[in-house]
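Heavy-atom basis, side chains included; hydrogens, waters and symmetry copies ignored. As the structure is a computational prediction, the values presented were derived from the model and not from experiment.
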Amino acid sequence: MGETRERRSSSGTAGGTGGATGGAGLGAGVARAAGWALGAGFAALAAVRRPHPIHPHGVVLHGSLTRTGSGLATGVPWLDEPADAVPVLARASRSAGVAAPLPDVIGLAVRLDGGGRPADLELASTGVGWPWRFALVPHVSPSRALLGSLLPYRTPTGPVLLAARTVAPDDLPAEPDALARRLERQPWRLALLAARPRGEWHRVGELVLRRAPGPRDALLRFDAGRHPLPGTEQYAWVRRLRDPAYRRVQGDIDAG
């Protein structure tokens with residue numbers, strides 16, 4: 001799957017802006033049909049697994065995000081320019097909820113202040129290089145996983161993927177109770193990364209997350225589609241693909 005390379009200076013069009021720019025390989029009808037199928041699947045899960053049809057077991061975390069700036073030149077100041085630390089709320093989770101130490105898709109959702117409104121970043125364990133960064137990959141430890149956005153953000157210069165990768169510690173447990181205990185004693189530091197669909201990963205910031213006093217888990221709802229990062233947008237085909245599933249899941253949570 002290749003190695004992650006983090007560069008601070010490179011061509012702003014690494015990986016190009018064509019092809020994936022408008023999801024040319026995914027017609028509107030295909031994306032809509034796939035979105036409907038995903039929505040039906042999530043509805044079936046929601047009927048038997050509440051309140052979280054997916055990522056049922058998690059750990060609520062608090063911390064900060066510091067933006068370091070990047071040479072990727074996305075045209076989005078939030079990604080391109082450095083900024084001081086801002087507080088964040090996060091939830092780390094296991095997607096299928098299988099028992100540790102079996103591998104599972106690891107999720108990390110982060111909420112921050114996006115200029116007077118909430119902004120959500122939703123990540124899950126994926127591959128590192130092309131094309132595996134568009135595929136979910138189970139892991140036994142959050143420390144070993146690249147946590148990627150899976151679907152691209154629309155920026156003025158073309159599609160951009162985001163990801164986070166652990167800097168320290170290198171041996172975090174996957175089981176939620178054990179992860180919570182560990183992060184009470186030691187912060188989880190992650191590099192925030194950005195890349196073109198076929199390009200190298202560039203470091204754009206750092207996340208520091210800790211376990212705070214209170215319930216280990218909580219009914220938190222994150223939605224990167226409704227709460228985009230400042231200066232970014234969703235492609236129409238991404239909305240068609242993800243919105244039916246989100247409507248099913250969020251509606252079932254509200255009803256429950």
* State whether Phe222 and Arg111 meet the cation-pi test: NZ (Lys) or CZ (Arg) under 6.0 Å from the six-membered ring centroid, and within 45° of the perpendicular axis. => yes

* To do: Evaluate the criterion side-chain contact (heavy atoms from CB on, under 4.5 Å) for residue pair Val105 and Val137; output intermediate values, then yes/no.
  => CA-CA 6 Å; Val105 173; Val137 178; over 6 Å; no

Under a 3.5 Å distance rule, please check whether [X] uses its side chain to pair with a backbone N or O of [Y] as donor and acceptor.
X	Y	result
Arg117	Pro228	yes
Ser149	Ala163	no
Thr166	Ala168	no
Arg133	Val128	yes
Arg203	Ala191	no
Arg91	Leu61	no
Ser125	Ile106	yes

* May I have the step-by-step check of side-chain contact (heavy atoms from CB on, under 4.5 Å) for Leu102 and Asp104, ending in yes or no? => CA-CA 7 Å; Leu102 293 175; Asp104 200 348; over 6 Å; no

Do you know which two heavy atoms are closest between [X] and [Y], and how far apart they sit?
X	Y	answer
Arg94	Ala174	NH1-CB, 3.2 Å
Trp188	Pro142	CZ2-CB, 3.7 Å
Ala212	His62	CB-CD2, 3.4 Å
Ala119	Gly114	CB-CA, 4.0 Å
His139	Ala145	CD2-CB, 3.5 Å
Arg216	Ala180	CG-CB, 3.8 Å

In this structure, would [X] and [Y] fall into the same cluster of hydrophobic residues linked by side-chain contacts under 4.5 Å?
X	Y	answer
Leu146	Phe134	yes
Val204	Val167	no
Leu161	Trp130	yes

Residue pair [X] / [Y], side-chain heavy-atom distance below 4.5 Å:
X	Y	result
Leu150	Leu136	yes
Ser64	Val208	yes
Arg181	Asp177	yes
Trp78	Arg67	yes
Leu121	Leu65	no
Pro159	Pro197	yes

* Could you go through the salt bridge (charged side-chain N to carboxylate O under 4.0 Å, His left out) check for Arg182 and Asp171 one step at a time? => CA-CA 10 Å; Arg182 181 67 177 277; Asp171 60 347; 2.7 Å; yes

* **From CA spacing to verdict: side-chain contact (heavy atoms from CB on, under 4.5 Å), Leu147, Leu190** => CA-CA 10 Å; Leu147 304 172; Leu190 304 101; 4.2 Å; yes

Rounded to the nearest 0.5 Å, what separates atom [atom1] in [X] from atom [atom2] in [Y]?
X	Y	atom1	atom2	answer
Leu108	Ser93	CG	OG	8.0 Å
Leu151	Arg239	CG	CZ	12.5 Å
Arg144	Leu172	CZ	CG	9.5 Å
Arg211	Gln186	CZ	CD	16.0 Å
Leu193	Ser70	CG	OG	9.5 Å
Leu89	Leu112	CG	CG	10.0 Å

* Per the side chain to side chain donor-acceptor pair (under 3.5 Å) rule, which among Thr74, Thr157, Thr155 passes with Asp80? ->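 The residue from Thr74, Thr157, Thr155 that satisfies side chain to side chain donor-acceptor pair (under 3.5 Å) with Asp80 turns out to be Thr74.
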
* For the residue pair Thr126 and Trp132, confirm or rule out a side-chain donor-acceptor distance under 3.5 Å. => no

* Measure the acute angle between the ring planes of Tyr235 and Trp237, then classify it against the limits of 30° and 60° as parallel, tilted or perpendicular. => parallel

* Asked: Which residue, Val110, Asp120, Val76, Leu162, forms the side chain to side chain contact (heavy atoms under 4.5 Å, CB included) with Leu229?
  -> Leu162

* Asked: So Glu206 and Arg189, side-chain contact (heavy atoms from CB on, under 4.5 Å) or not? Walk me through it.
  -> CA-CA 7 Å; Glu206 182 178 69; Arg189 294 177 53 234; 2.8 Å; yes

